[in-house]
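Right, one structure below, let's go through it.
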Amino acid sequence: MHGDMQERPAGSDSRRAFYFTGGFLTNKRVRRILELAGHDLTLGKPGADDDVLVWGHSPYAKRGEGVAEATGAHVVRVEDAFLRSLFPGRDGEPPLGLTIDRSGIYFDSSKPSDLETLLATHGLDNTSLLDRARDAIARLREGHLTKYSAVDPEIDPPQPGYVLIIDQTRGDASIRLGGARDSTFREMLVFAREENPGARIIIKTHPETAGGHRDGHYGPDDCDEKTRLLTQPISPWRLMEGAVAVYTVTSQLGFEAILAGHRPRVFGQPFYAGWDLTDDRNPIPRRNRKLTRAQLVAGALLLYPEWYDPYRDRLCGLEDVLGALEAQSRAWREDRKGYAALGIRAWKRAPLQKLFGGAGKPLRYMKTPEAAANLKRPALVWANKDCRSLRDACAVAGLQLERLEDGFLRSRGLGAELTPPLSLVKDDLGIYYDPTRESRLERLISEAANLPRERLHRAEGLIRALNATGVSKYNVGSAATLPDAGDRAVVVVPGQVEDDASIRLGAGKIASNLDLLRQARTLFPKAYLIYKPHPDVEAGLREGKIEADQLSGLTDFVADHTDPVTLINAADHLVTMTSLMGFEALLRGVEVTVTGAPFYAGWGLTKDIGDIPARRAARPSLQALVHATLITYPRYFDPLTGLACPVEVAVERLASGQIPAPALKLRSLAKLQGWFAGHAWLWR
């Protein structure tokens with residue numbers, strides 16, 4: 001039984017699987033995937049009804065093959081799946097999936113493998129399956145994902161118009177078993193030159209060749225005025241864009257060339273050849289079915305591998321692996337140069353180190369913009385500490401400046417109580433709550449408005465999950481029973497922290513909770529009006545409290561310490577300055593009136609009575625807004641595994657409460673911070 005399984009308990013329908021290679025004993029991730037896939041790993045002598053696991057056609061596979069031949073046991077060949085990890089396994093990176101083949105192995109063309117049989121005989125005509133395959137192709141392209149996804153999308157390819165030749169490592173089993181030899185690479189280069197006279201030729205080396213671990217088939221002696229080697233970790237998707245022809249022997253990049261729109265010239269017999277998607281110079285007669293790109297992906301990526309979810313420790317579908325690779329590759333790409341961090345309070349440094357210091361270079365905390373610029377790293381600054389001198393210093397030094405802020409699905413607890421965040425946003429243009437200039441989020445929302453509907457299925461699923469779980473930004477407050485409003489419309493008014501930067505920069509004319517309540521009562525004079533104080537204000541940590549006598553005549557009920565989702569679910573309408581509750585209300589189908597200019601206003605989804613930037617001209621759907629705001633813009637961190645994670649994992653952690661509480665010393669510091677805030681008059 002092959003992939004596309006969401007979950008299977010370990011040991012169900014299991015078979016005894018004997019092994020004679022140390023990797024099956026020592027590699028915990030490989031063992032776990034095999035166990036979840038129904039293989040009971042065992043040492044000893046197998047019987048005729050048992051399996052013997054071997055790793056592909058590695059040199060060590062001979063041991064298991066010999067035992068199987070002597071005992072009548074069945075050989076099962078295991079290999080890394082086509083989306084493996086950030087780095088090769090020799091760097092200690094565990095795989096995100098395996099291919100487990102009972103007939104052969106996908107790179108051995110001498111006989112049909114399970115994958116070949118699947119591609120040749122499976123209907124591959126299910127609409128849902130093919131929609132998933134097309135979505136996977138789009139995500140692979142957008143995320144610059146490949147077998148080893150530690151590639152740099154910012155590396156520019158050569159000028160378009162080149163012929164691309166894909167090298168492989170010498171001695172790789174896929175070459176010998178794919179109907180080719182070392183001399184095939186010489187032959188391929190000759191044909192590329194003859195068939196493309198005068199064209200520039202780019203030879204892409206294998207990642208392990210560039211790392212010095214293995215030898216390739218091409219070197220400096222193969223270069224001339226028209227031919228050069230490309231050893232940089234460039235994204236294969238960017239490399240395919242400028243190619244006029246692609247030549248390969250059996251490399252997986254040939255498969256990705258197909259997905260990128262090419263019809264590669266193939267000199268070996270890889271799994272993707274023979275389906276009318278390649279120009280085969282060494283055809284396989286038994287392969288004569290015509291497949292579409294979506295069908296090839298459905299078989300090779302959705303149905304054939306056993307994919308593993310590292311966050312939930314279970315088998316999963318391809319989409320979960322794409323989410324994991326998107327999150328982890330983004331973190332590596334953005335963080336590998338390290339950061340110079342400014343304006344970061346002491347208690348935030350440990351969480352930030354986990355989120356942004358895991359790609360090999362820890363954060364360096366600097367005291368001045370000049371010191372940060374001298375470090376020659378991108379600069380991180382908490383958004384409210386951004387200043388002209390820092391921007392100028394970074395501009396002079398040619399360094400990128402990134403502004404940090406809490407994400408929209410933050411934690412189970414308040415930031416003011418020093419609860420570490422599960423998500424942060426990092427913005428190179430501005431910051432989402434400042435409408436006076438463009439933010440990266442604004443640009444992402446405008447781009448998301450052009451996404452085809454099928455690209456928004458993930459956002460639709462996320463909206464359903466948020467509605468089902470009731471997850472919000474802080475996830476504090478009780479689900480209290482609200483008074484009966486009778487036949488009056490229920491209008492919820494969320495209070496805010498009045499000295500918050502989002503109020504100062506984005507509230508406009510109405511900039512206090514009291515004035516907001518007055519505006520709401522004017523707009524809805526007959527409504528049942530519920531006021532929700534901000535949790536930081538309720539905790540006595542921030543400004544914005546309204547005295548009881550001021551609320552008289554304006555509100556019908558004050559929802560102290562109440563879960564915001566409970567209020568939103570009871571509401572017919574919500575009126576806000578810039579509160580995130582307005583966005584959360586949109587997710588739950590509630591009409592929203594906005595007096596300021598929060599990030600979600602001005603796109604045609606809210607009633608706007610404040611000044612909205614004219615640049616917000618796009619008209620995204622709610623799903624597109626969610627895709628930009630919750631999927632593309634923030635970074636998420638899983639507190640249980642310590643890994644960068646996709647938004648869906650963060651939602652599950654917040655819903656289940658599987659989040660470590662802040663340390664006692666941090667909670668004490670939060671109380672002390674609140675005391676100082678409440679006794680500021682002592683220093684005036």
Side-chain angles (χ1 to χ4, degrees), residues 433 435 472-474 476-500 502-540 542-612:
Y433 59 71
S472 61
K473 182 173 184 178
Y474 294 117
V476 296
S478 59
T481 301
L482 302 176
D484 184 5
D487 58 357
R488 298 163 67 188
V490 175
V491 175
V492 171
V493 181
Q496 294 185 244
V497 175
E498 292 182 354
D499 61 351
D500 192 76
S502 69
I503 298 296
R504 177 170 48 83
L505 296 168
K509 296 178 181 178
I510 296 175
S512 73
N513 292 325
L514 187 58
D515 286 344
L516 177 65
L517 278 173
R518 289 168 177 156
Q519 179 67 65
R521 181 52 77 192
T522 299
L523 292 171
F524 300 96
K526 296 182 179 181
Y528 188 88
L529 199 151
I530 298 176
Y531 176 60
K532 165 74 174 80
H534 191 280
D536 279 349
V537 175
E538 289 178 313
R542 303 289 294 276
E543 294 183 13
K545 183 179 180 180
I546 301 177
E547 300 300 332
D549 60 332
Q550 295 176 301
L551 293 170
S552 178
L554 291 176
T555 64
D556 294 283
F557 182 71
V558 178
D560 291 316
H561 303 286
T562 302
D563 169 38
V565 176
T566 299
L567 298 176
I568 291 171
N569 289 338
D572 299 296
H573 208 101
L574 185 142
V575 180
T576 182
M577 293 182 282
T578 64
S579 173
L580 185 63
M581 275 186 68
F583 175 67
E584 293 171 341
L586 290 177
L587 298 183
R588 293 163 175 88
V590 176
E591 295 181 353
V592 177
T593 294
V594 180
T595 65
F599 69 88
Y600 53 86
W603 308 105
L605 299 171
T606 55
K607 181 179 180 181
D608 305 320
I609 60 177
D611 294 329
I612 301 296

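Smallest separation of non-hydrogen atoms from Ala585 and Val592: CB-CG2, 3.7 Å. Nearest approach of Ser502 to Gln496, heavy atoms of both residues: OG-NE2, 3.9 Å. The two residues Pro533 and Ala559 come nearest to each other via the heavy atoms CD-O, 3.6 Å. Counting all heavy atoms, side chain and backbone alike, Phe557 lies closest to Pro483 at CD1-CG, 3.6 Å. Taking all atoms of both residues into account, the shortest heavy-atom contact from Ala520 to Val493 is CB-CG2, 3.6 Å. Closest approach of Leu482 and Ala570 over heavy atoms only: CD1-CB, 3.7 Å.
A donor-acceptor distance shorter than 3.5 angstrom exists from the side chain of Asp556 to the backbone of Leu529, with no hydrogens or angles considered. Thr555 places no side-chain N or O within 3.5 Å of a backbone atom of Val558 that could act as its donor or acceptor partner. The closest donor-acceptor contact from the side chain of Asp608 to the backbone of Ala601 lies at 3.5 Å or more, if one exists at all. Judged purely by atom type and a 3.5 angstrom limit, Arg504 has no side-chain atom pairing as donor or acceptor with the backbone of Ala511. Distance alone, capped at 3.5 Å, places no donor-acceptor pair between the Arg588 side chain and the Asn569 backbone. Without hydrogens or angle criteria, Ser552 side chain to Gln550 main chain gives no donor-acceptor distance under 3.5 Å. Of the possible donor and acceptor atoms, one in the side chain of Glu498 sits under 3.5 Å from a partner among the backbone N and O of Asn513.
The distance from atom CG of Leu574 to atom CG of Leu567, rounded to the nearest 0.5 Å, is 9.0 Å. One finds the CD atom of Glu543 at 12.0 Å from the CD1 atom of Ile503 (value rounded to the nearest 0.5 Å). Of the inter-residue distances, the one linking Leu587 atom CG with Tyr600 atom OH reads 10.5 Å to the nearest 0.5 angstrom. Distance CE/Met577 to CD1/Ile510: 8.5 Å, rounded to 0.5 Å. Once rounded to the nearest 0.5 Å, the distance linking OG1 of Thr562 with NZ of Lys532 reads 6.5 Å. Atoms CZ and OG, from Phe583 and Ser472 in turn, are 12.0 Å apart once rounded to the nearest 0.5 Å.
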Before giving the answer on salt bridge (charged side-chain N to carboxylate O under 4.0 Å, His left out), spell out for Arg488 and Asp572 the whole-Å C-alpha distance, their side-chain angles and the decisive distance to 0.1 Å.
-> CA-CA 10 Å; Arg488 298 163 67 188; Asp572 299 296; over 6 Å; no

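Taking 4.5 Å as the limit, every side-chain heavy atom of Tyr531 sits out of range of all side-chain heavy atoms of Leu554. At a threshold of 4.5 Å between non-hydrogen side-chain atoms, the residues Asp515 and Lys509 do not count as touching. In this structure, Met581 and Val492 have side chains that are in contact, with non-hydrogen atoms separated by less than 4.5 Å. Using a 4.5 Å heavy-atom cutoff, the side chains of Val575 and Phe524 are in contact. A 4.5 Å side-chain heavy-atom check between Ile612 and Trp603 finds every atom pair outside the cut-off.
Looking at Ile609, Thr606, Leu605 one by one, the single match for side-chain contact (heavy atoms from CB on, under 4.5 Å) with Val594 turns out to be Thr606.
Residue Gln519 places its CD atom among more than 12 non-hydrogen atoms of other residues, nucleotides or ligands, all under 6.0 Å distant. Heavy-atom contacts from other residues, nucleotides or ligands closer than 6.0 Å to CG of Asp499 number more than 12.
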